[in-house]
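Read the structure below first, then the notes.
Each residue takes its place number in the sequence, starting with 1.
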Amino acid sequence: MSVTLADYRAAVRTPGAALPVAGSALGRLPIAMYGLAVLLYVQRTTGSFASAGLVSAGILVGMSVGAVAQGRIMDRRGPAVLLLVVAALFATTSALLLVLIATDRPVGVLVAAAALSGAAMPALPGASRSLWTALLPPGPRREAGYGYEAISLEVFFILGPAVAAFLVTAPWPGTGAVVAIAAMVVGTVVFACSPAVRAVRGSVRAGRRSLLGVLSRPGLRIVALASLGFGVVIGSVEVGVPAVTAAAGSAALGGMLLSAWSVTSVLGGIGYAARPWPRPLHLRLPVLLVGFALVVGGMAAAAATGSVLVTALVMLLAGALITPQTTAHSVAIDVVVDERSGTEAFGWVVTAATVGIAAGQSLAGVVVEAVGPQAAFLVGGAGGVLLAAVVWLGKAAVRAEPAEVSERLAGSPAAP
């Protein structure tokens with residue numbers, strides 16, 4: 001199924017979409033900004049990057065748990081009330097964290113407070129993604145809505161860290177964290193109070209369920225593994241590129257290149273949506289992941305030349321495969337789970353990507369110290385290829401019955 005620019009325009013102009021789209025845009029800007037802003041604040045206050053990293057990791061762990069838990073509740077009860085409650089909790093726990101940082105509390109206390117703050121962070125991406133299932137019927141426009149979600153997140157991942165890095169130079173280094181908290185709370189309230197969101201009612205019956213919830217479904221586990229592999233590759237690049245530029249004498253250039261990487265991701269996502277390949281979704285997941293991993297692995301050869309320019313060119317090529325993957329993950333959720341469980345399912349996929357990024361960054365950091373910058377790309381590429389192979393072996397779990405796939409993804413009868 002191809003998606004055109006007209007489909008994107010029609011999706012965001014759908015009656016009832018304007019206010020939640022605006023609210024989610026404001027509320028999601030701090031997703032990539034908040035953790036970095038807190039990290040920089042802790043580093044400025046304590047003088048320790050190690051302590052700052054632990055506190056930032058606490059936020060990450062909390063976010064991973066909170067996204068799944070909130071998604072499960074939203075599927076049962078609807079998003080509006082829950083989002084307002086967690087917005088208030090997030091404001092409270094985040095303010096507490098900032099006070100503890102300012103009063104120079106022990107690192108263990110800061111990490112615990114950071115985890116609480118992360119868990120209370122509103123699961124706005126999942127709620128926003130699920131809203132498209134309520135506003136649009138299956139077909140190109142709904143997939144365009146999912147594409148918009150992936151693209152907008154990429155844009156915010158460019159702007160958020162840049163804003164955080166700029167605001168840390170303010171007279172008070174916690175300014176960036178305060179701005180992130182305020183934007184997330186205000187954006188969440190606007191989104192939750194919009195008529196379209198208030199009209200959504202939960203439809204999953206409460207009852208006895210496993211701890212894993214919808215992750216117990218084989219198809220979702222395969223999608224989560226694809227997201228995990230995606231995260232591993234991303235994490236390795238986020239460490240490897242700054243290491244390459246630092247070795248070349250310009251640490252700041254690494255951040256610029258990663259921002260440019262996100263730009264090519266957006267452009268690649270729009271182009272890929274017009275002519276997606278492979279056409280079958282269950283093949284698309286492993287093929288896109290292995291292609292991404294192989295190109296990133298090729299960055300090791302580019303880095304070995306000692307040329308930052310050559311490395312950057314290969315990296316930009318890899319970036320064109322980012323948004324196609326995140327869009328495919330989102331679309332696959334409609335196939336592997338009932339749409340009434342979509343918010344929780346998306347929370348698991350986001351959690352898998354988050355864990356993958358953390359693992360990729362950690363492994364890449366170790367090999368960069370031991371071998372050199374180019375080894376980071378080999379680790380990420382190898383991890384991505386390995387997980388792509390696992391996804392390939394389980395790809396049948398992502399393929400629904402032909403008629404069902406056609407109805408969900410194309411809105412038309414399938415060919416016999």
Side-chain angles (χ1 to χ4, degrees), residues 32 35-36 39-40 43 49-50 52-61 63-64 154 157-158 161 165 225-262 264-265 289-308 310-319 321-322 325-326 350-390:
L36 179 60
L39 183 149
L40 294 173
Q43 193 278 325
F49 273 108
L54 288 173
V55 175
S56 181
I59 293 176
L60 195 65
V61 171
M63 285 174 59
S64 300
E154 284 297 323
F157 269 94
I158 298 170
L225 282 172
S227 184
L228 177 69
F230 168 79
V232 168
V233 180
I234 290 283
S236 70
V237 174
E238 289 181 344
V239 171
V241 168
V244 168
T245 59
S250 178
L253 182 59
M256 296 174 60
L257 291 179
L258 290 174
S259 294
W261 198 36
S262 295
T264 61
S265 167
L289 177 55
V290 76
F292 186 45
L294 289 174
V295 177
V296 167
M299 291 176 63
T305 66
S307 171
V308 173
V310 174
T311 305
L313 290 175
V314 180
M315 181 192 70
L316 293 178
L317 177 61
L321 295 174
I322 295 177
Q325 288 180 89
T326 55
V350 170
T351 295
T354 302
V355 171
I357 290 172
Q361 290 175 340
S362 300
L363 291 172
V366 171
V367 298
V368 164
E369 290 291 332
V371 181
Q374 66 271 19
F377 308 121
L378 292 176
V379 165
V385 169
L386 177 62
L387 285 166
V390 177

At their closest point, which heavy atom of [X] faces which heavy atom of [Y], and how far apart are they?
| X | Y | value |
| --- | --- | --- |
| Gly240 | Ala376 | CA-CB, 3.7 Å |
| Leu257 | Met315 | O-CE, 3.1 Å |
| Ser265 | Ile322 | OG-CB, 3.2 Å |
| Val314 | Val295 | CG1-O, 3.6 Å |

Trace of the side-chain contact (heavy atoms from CB on, under 4.5 Å) decision for Val55 with Leu39
CA-CA 7 Å; Val55 175; Leu39 183 149; over 6 Å; no
Can you list everything that forms a side chain to side chain contact (heavy atoms under 4.5 Å, CB included) with [X]? Sequence neighbours excluded, please.
| X | value |
| --- | --- |
| Leu294 | Val290, Val385 |
| Leu316 | Ala260, Thr264 |
| Val244 | Ala303, Val308, Thr311, Pro373, Phe377 |
| Val310 | Ala302, Thr305, Ser307 |

Distance from Leu386 atom CG to Leu225 atom CG, nearest 0.5 Å?
10.0 Å
Reported CH2-to-CG distance for the pair Trp261 and Leu317, which is rounded to 0.5 angstrom
11.5 Å
Using distance only, find each side-chain donor-acceptor pair of residues 228-237 under 3.5 Å and give its atom names and separation, not counting sequence neighbours.
unit_1	atom_1	unit_2	atom_2	d
Ser236	OG	Val233	O	2.7

